Amino acid sequence: LSVDASPQNAQVIPGNMFGIFFEELNHAGAGGLWAELVSNRGFEAGGSNTPSNIDPWLIIGDESNIIVATDRSSCFASNPIALRMEVLCEASGTNACPSGGVGIYNPGYWGMNIERTKVYRATMYIRSSESVELTVSLTSSDGLQNLASHTITGDKEDFVEWTKVEFDLASSGRNTNARLQLTTTKSGIIWFDQVSLMPSDTYMGHGFRKDLASMLANLKPRFLKFPGGNYVMGNYLVNAFRWSETVGPWEERPGHFNDAWAYWTDDGLGFFEFLQLAEDLGACPLWVINDGASLNEEVPSATIAAFVKDVVNGIEFARGDPQTAWGSVRAAMGHPEPFPLFYVSIGNQECFKHYYKDNYVKFYSAIKASYPDIKIISSCDASAISPVNPADLYDVHVYTSSGDMFSKSRMFETTTRNGPKAVVSEYAVTGNDAGRGTLIAALAEAAFLIGLERNSDVVEMASCAPLFVNDNDRRWNPDAIVFNSWQHYGCPNYWMLHFFKDSSGAALHPSTIQLSNYDQLVTSAITWNNSQDGNTYLKIKVVNFGSKAVNLNISVTGLQTDIQTFGSIKTVLTSGWLRDENSFQQPDKVVPAASPITNAGEQMGVVLDSYSLTSFDLLL
Ligand code: AHR
């Protein structure tokens with residue numbers, strides 16, 4: 001393996017090359033990265049044919065002592081449904097309520113994770129024309145273990161109007177499958193709306209589940225593409241992601257049915273929160289807009305103007321100063337500084353649609369007129385881009401088998417060098433090879449990414465798909481990060497991404513492998529500066545996609561300084577079997593293992609394990 005590390009032959013990899021793509025799929029956000037513990041907090045949840053239902057709320061008691069129904073009496077015009085709870089039993093006497101009372105409970109998203117001594121912020125809106133005595137508690141899933149409770153009391157007049165009630169619940173115990181209960185032993189009618197329970201310690205205090213957000217931060221992503229995927233479009237436009245309905249006070253957001261992936265989202269994780277997440281991760285936001293198309297519909301060009309205006313407004317929300325109409329909404333949400341939104345993708349894999357190209361040009365012109373510095377990404381490939389259908393970048397999605405993904409490490413070698421650059425914003429090995437995240441899938445994707453590095457003169461950005469799966473709602477396999485209410489682990493391809501987290505903005509050096517009768521190796525070499533320790537490293541990565549271990553002589557030329565043995569590290573991702581996966585039981589079965597390189601130097605003999613990804617990080 002020969003590496004020419006001379007600076008004059010290096011080429012700079014784009015600074016935003018490796019990022020992440022978040023889609024509200026598999027309960028990635030609602031019941032996932034967004035730390036809200038109550039599911040269907042506004043009782044608005046519906047399906048394609050159901051205007052509202054209280055699911056997953058359930059009743060404590062029976063029809064002899066409690067009647068629960070939704071009505072349209074909320075104080076929030078944008079989400080009018082409230083829950084009416086009529087209690088028929090009384091504190092004592094012949095019609096006494098069961099001990100512990102009657103009421104409702106919310107099990108969260110397949111159980112709430114309540115941790116000992118942790119504080120949870122409860123918020124709810126209540127209304128009643130009678131005196132109130134309501135116990136709000138965190139309990140085990142059967143209601144028997146009490147973890148925390150608070151009693152709301154009020155006289156007849158206190159809750160005649162809708163009243164916001166907020167308090168903290170400090171848990172005395174731990175339960176990963178807990179629920180939130182609202183119970184009483186007092187007869188009468190109480191209405192509830194917008195019942196929320198948030199852990200007090202979210203990532204950077206911005207509402208993101210800490211363990212999951214940290215998994216993202218550890219990848220050092222340079223961009224965050226959001227919010228989808230098919231989620232952006234919906235099966236039908238009525239269910240598409242509408243950015244303007246996801247901003248402002250959370251209580252006033254209508255929420256919507258994510259019909260692409262068949263679940264309700266309260267839109268706590270809205271447009272503002274995506275921009276905030278990007279900022280918190282140190283990543284550039286990349287917004288995929290709804291361009292008037294769903295999976296089954298299209299708005300014709302004659303009537304697309306309202307969609308175009310809506311997108312320009314969305315950019316003003318992100319970037320406008322606080323004096324502008326939409327910039328002021330952002331500022332009121334606590335972020336007067338603009339968010340650096342410089343990438344906008346027009347639609348999601350829609351080039352084939354009838355109106356796409358005509359509509360695209362209208363979005364392009366309107367965005368460029370107000371924001372010429374925004375880079376616009378087309379859903380059409382490079383061949384369709386021309387002066388009449390202009391684009392700064394074009395979107396590429398690759399879903400294929402592991403063997404084909406490995407061979408696609410050469411995909412961009414024949415691409416014309418002078419056209420717009422590619423954004424490979426979705427790629428994954430799928431099908432049998434992929435399982436629920438196998439080693440072989442990760443290695444094929446590693447080879448593909450090495451190919452992107454080597455061709456980063458024509459590839460600007462890359463992100464895998466999908467990022468997250470809540471193990472209770474697997475709509476798509478495989479995914480990079482798996483979680484439930486309290487656990488998480490990275491699949492082999494999550495760990496594979498760590499091998500690329502220093503590549504964005506690094507110098508790529510020519511590297512070649514000469515090996516007869518074995519074409520299963522793919523390699524790249526970069527130098528990068530580690531701002532944490534102030535050192536420069538030459539990183540040589542090699543995927544061995546075959547069943548043979550390989551002895552390799554590495555030869556480095558053109559270096560200005562010597563390679564230091566002490567401080568040079570080899571990191572290997574491999575496992576006993578090519579279909580090995582991680583799991584909650586064995587989260588570390590396939591993870592990188594690091595060891596010192598005792599013979600580090602400009603000439604060194606190394607051994608590559610079969611089915612492995614190896615990084616040689618040579619300290620300069
Ligand atoms: O990543 C899952 C889905 O795959 C995305 O929603 C869509 O864009 C693609 O087809």
Side-chain angles (χ1 to χ4, degrees), residues 18-30 32-33 216 219 221 223-237 239-243 256-263 265 269 274 286-298 343-353 356 360 377-381 393-402 404-405 408 422-431 433-437 441-442 444-445 448-449 461-471 473-483 491 493-494 497:
F18 291 105
I20 51 177
F21 162 45
F22 180 96
E23 175 164 18
E24 183 58 270
L25 152 66
N26 300 324
H27 277 86
L33 183 62
L216 301 184
L219 290 174
F223 69 89
L224 170 69
K225 169 183 160 175
F226 64 87
N230 291 348
Y231 176 68
V232 171
M233 311 171 77
N235 286 333
Y236 294 95
L237 279 170
N239 295 317
F241 178 84
R242 299 248 159 272
W243 75 267
H256 76 284
F257 184 65
N258 170 7
D259 66 350
W261 305 113
Y263 59 90
T265 164
L269 180 54
F274 282 118
L286 187 167
W287 179 28
V288 184
I289 61 143
N290 180 289
D291 61 348
S294 69
L295 289 167
N296 292 298
E297 305 150 311
E298 255 190 302
Y343 295 99
V344 171
S345 201
I346 311 294
N348 176 54
Q349 53 191 29
E350 291 163 32
C351 189
F352 66 94
K353 288 208 170 220
Y356 180 77
Y360 170 91
I377 304 166
S378 166
S379 272
C380 296
D381 69 21
L393 299 159
Y394 66 98
D395 196 21
V396 177
H397 297 181
V398 180
Y399 292 98
T400 188
S401 64
S402 61
D404 191 47
M405 187 65 89
K408 281 194 163 46
V423 176
V424 186
S425 74
E426 297 187 23
Y427 69 83
V429 172
T430 50
D433 293 346
R436 290 186 166 201
E445 291 175 11
F448 180 65
L449 291 189
M461 299 162 121
S463 48
C464 73
L467 192 56
F468 280 122
V469 61
N470 185 319
D471 195 45
D473 185 36
R474 281 185 176 270
R475 304 270 158 177
W476 188 288
N477 279 316
D479 310 275
I481 301 169
V482 184
F483 63 89
C491 289
N493 69 342
Y494 170 78
L497 291 175

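When reading the values below, keep in mind they use all heavy atoms of this one structure, side chains included, and skip hydrogens, waters and symmetry mates. None of these values were measured; they are calculated from a predicted model. Both ligands and their constituent atoms are indexed starting at 1 by order of listing.
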Below 4.0 angstrom from a heavy atom of [X], which ligand 1 atoms are there? Numbered from 1 as shown, please.
X      : value
Gln349 : 7 (C), 8 (O), 9 (C), 10 (O)
Gly229 : 5 (C), 6 (O), 8 (O)
Tyr399 : 1 (O), 2 (C), 3 (C), 4 (O), 9 (C)
Trp261 : 6 (O)
Glu23  : 1 (O), 2 (C), 5 (C), 6 (O)
Ala465 : 1 (O)
Asn348 : 7 (C), 8 (O)

Report yes or no: is the cationic atom of Lys225 (NZ for Lys, CZ for Arg) under 6.0 Å from the centre of the six-membered ring of Phe21, at an angle within 45° of the ring normal?
yes

From CA spacing to verdict: side-chain contact (heavy atoms from CB on, under 4.5 Å), Val344, Ile289:
CA-CA 7 Å; Val344 171; Ile289 61 143; 3.7 Å; yes

For atom 8 (O) of ligand 1, find the nearest protein heavy atom and state the residue, atom name and distance (0.1 Å precision).
Glu426 OE2, 2.9 Å

Distance alone, cut at 3.5 Å: any donor-acceptor contact between the side chains of Glu24 and Asn258?
no

Working to the nearest 0.5 angstrom, can you tell me the gap between Leu33 CG and Phe22 CZ?
5.5 Å

Aromatic contact, Tyr427 with Phe448 (centres under 6.0 Å)
yes

Within the 6.0 Å centroid threshold, strictly below: Trp476 and Phe468:
no

Paired with Phe241, the ring pair (Phe, Tyr, Trp, His ring centres under 6.0 Å) test is passed by just one of Tyr231, Trp261, Trp287, Phe257, namely Tyr231

Which bit of Tyr231 is near ligand 1, meaning a heavy atom under 4.0 Å away: side chain, backbone, both or neither?
neither

